[in-house]
Amino acid sequence: MDFNVTLLPGDGVGPEVIDAAVAVLGAIERKYGHNFHLHSKNIGGIAIDTTGVPLPEDTLSDCKAADAVLLGAVGGPKWDSLKPHLRPERGLLTLRAELGLFANIRPAVLHDELAQSSPLRADIAKQGVNIMMVRELTGGIYFGDRGYRDGAMGQEAYDTEVYSINEIERIAKIAFELAMTRGKKVTSVDKANVLATSRLWRATVERIAVGYPEVKLESMLVDNCAMQLVKNPSQFDVILTSNMFGDILSDEAAAVTGSIGMLPSSSLGAGGAGLYEPIHGSAPDIAGKDEVNPIAAILAAAMMLSQSLKLTNEAWAVENAVHKTLAKGLRTKDIAVGGKKAVSCSRMTEEIVFAILDM
Ligand code: NAD
Ligand code: IPM
Ligand code: MN
């Protein structure tokens with residue numbers, strides 16, 4: 001079949017991990033006879049350098065017309081002092097909002113092969129980690145009113161968190177639907193002991209839960225959740241949370257599974273193109289060194305195959321190839337422990353491509 005995919009490599013390690021995902025998509029094309037029409041567009045810092053804005057009109061319209069969008073990462077020190085509306089990150093936030101991508105799905109799985117790469121104590125890692133993080137993506141403090149003003153103690157800055165019942169309901173339904181396909185448990189994470197938005201969040205989620213009698217709902221305060229993620233992560237099935245809490249907790253969940261370089265994500269809305277990306281950033285400290293772990297981006301491409309392109313066998317082939325490659329002992333630097341020699345990003349990618357073609 002033919003598919004249109006917009007590639008947004010972005011900044012730092014973004015182009016390196018997108019190259020890896022493209023190599024994997026090439027193997028899937030060859031093996032299964034598909035045609036992926038890939039068009040690369042600029043976003044983030046590279047877009048600022050070439051066009052003056054972080055999300056050029058041409059990039060946005062290409063994404064809107066595509067079957068799916070695959071993004072590397074945006075940002076870096078070079079652009080850190082720009083005005084907020086011209087920062088690379090603003091390009092990504094605007095893209096999410098423009099495509100209506102309110103649901104961000106981040107699966108944090110500790111693969112058996114990587115038990116030793118996890119910073120968890122062995123007896124905790126042995127219990128397993130398999131968490132589906134469902135993060136609200138187009139609301140909350142990321143999109144509320146913000147600015148600077150004169151206050152009683154001089155200049156002050158403010159950011160505002162706003163959530164409507166409608167926004168909470170639609171993301172809660174996604175979490176409950178997902179839980180029905182898994183462990184039938186939702187942990188809704190909030191700060192209802194302090195925040196009004198969290199109190200509305202909790203009451204709304206409890207109401208939605210009534211429609212899913214088979215799913216066990218638990219509400220947990222975010223500070224406790226941060227602790228439970230390292231103390232007893234096997235208790236979690238689906239974690240449902242707001243934009244800001246989801247951002248923070250998903251980096252923590254990623255670290256628990258071995259490395260942030262392992263965790264992919266999909267961002268979905270009411271219809272149209274989905275956006276797929278690793279959860280990590282542009283990793284400026286390792287950019288250009290061919291040492292970045294490409295697996296998060298490769299698994300993001302697998303999520304794209306199954307969720308937007310409905311190619312479930314092909315997605316499975318990619319995931320299986322990743323497992324086989326890890327089982328063979330290949331490790332990039334971030335997951336190489338216990339004296340294991342690290343391989344480069346391109347070597348890891350070659351092995352995964354080989355594993356797909358060899359299946
Ligand atoms: P980061 O995720 O880029 O890096 C954090 C640490 O993890 C670094 O030490 C990095 O080397 C390491 N790391 C990240 N991905 C890795 C991988 N695949 N393999 C091996 N190691 C990896 O976060 P940061 O340093 O806080 O942010 C850097 C820039 O990226 C900032 O400009 C930030 O705004 C941006 N950012 C972008 C996205 C995105 O595009 N979705 C996400 C997060 C951060
Ligand atoms: C992520 C990133 C983004 C976020 C930044 C780059 C705007 O950290 O995708 O997790 O905070 O959502
Ligand atoms: Mn983040």
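Numbering of residues begins at 1 and proceeds along the displayed sequence. Counting starts at 1 for both ligands and their atoms, in listed order.
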Report summary line: Per-atom filter on ligand 2: closer than 4.0 angstrom to a heavy atom of Y142 are 4 (C), 11 (O), 12 (O)
Report task. Check ligand 1 against E89 and write out every atom of the ligand that is under 4.0 Å from a heavy-atom position of the residue. Result -> 31 (C), 32 (O), 33 (C), 34 (O)
Query raised in the report: the Mn ion (ligand 3): which protein N, O or S atoms are under 2.8 Å away?
Result: D247 OD1
Query raised in the report: Quick one: which ligand 1 atoms are inside 4.0 Å of a heavy atom on P284?
Result: 28 (C)
Requested in this report: Measure the distances from the heavy atoms of I279 to every atom of ligand 1 and state whether one is below 4.0 angstrom.
Outcome: yes
Report summary line: Taking only non-hydrogen atoms of R106 and a 4.0 Å limit, the atoms of ligand 2 in range are 1 (C), 9 (O), 10 (O)
**Report entry** Nearest neighbour in protein (non-hydrogen) for atom 2 (C) of ligand 2
**Finding:** D247 OD1, 4.0 Å
Requested in this report: Could you establish whether A296 and ligand 1 come within less than 4.0 Å of each other, counting only heavy atoms on the residue side?
Outcome: no
**Report entry** Under 4.0 Å to a heavy atom of E277 - the qualifying atoms of ligand 1, by number
**Finding:** 41 (N)
**Report entry** Contact (N/O only, under 3.5 Å) between G76 and ligand 1
**Finding:** yes
Report task. Answer with side chain, backbone, both or neither: which part of V74 has a heavy atom less than 4.0 angstrom from an atom of ligand 1? Result -> both
Query raised in the report: Counting both backbone and side chain atoms, is some N or O of R96 under 3.5 Å from an N or O of ligand 1?
Result: no
Query raised in the report: Is there any N or O on N293 that sits under 3.5 Å from an N or O of ligand 1?
Result: yes
Requested in this report: Go through T6 and D62 one step at a time and tell me if the side-chain hydrogen bond (donor to acceptor under 3.5 Å, both in side chains) criterion holds.
Outcome: CA-CA 7 Å; T6 306; D62 203 81; 2.8 Å; yes
Query raised in the report: Are any of the protein's heavy atoms under 4.0 angstrom from atom 27 (O) of ligand 1, yes or no?
Result: no
Query raised in the report: Could an N or O of ligand 2 be found under 3.5 Å from any N or O of R96, whether backbone or side chain?
Result: yes
Query raised in the report: What atoms of ligand 1 come closer than 4.0 angstrom to any heavy atom of G75?
Result: 32 (O)
Report task. Answer side chain, backbone, both or neither: which part of R135 comes under 4.0 Å from ligand 2, heavy atoms only. Result -> side chain
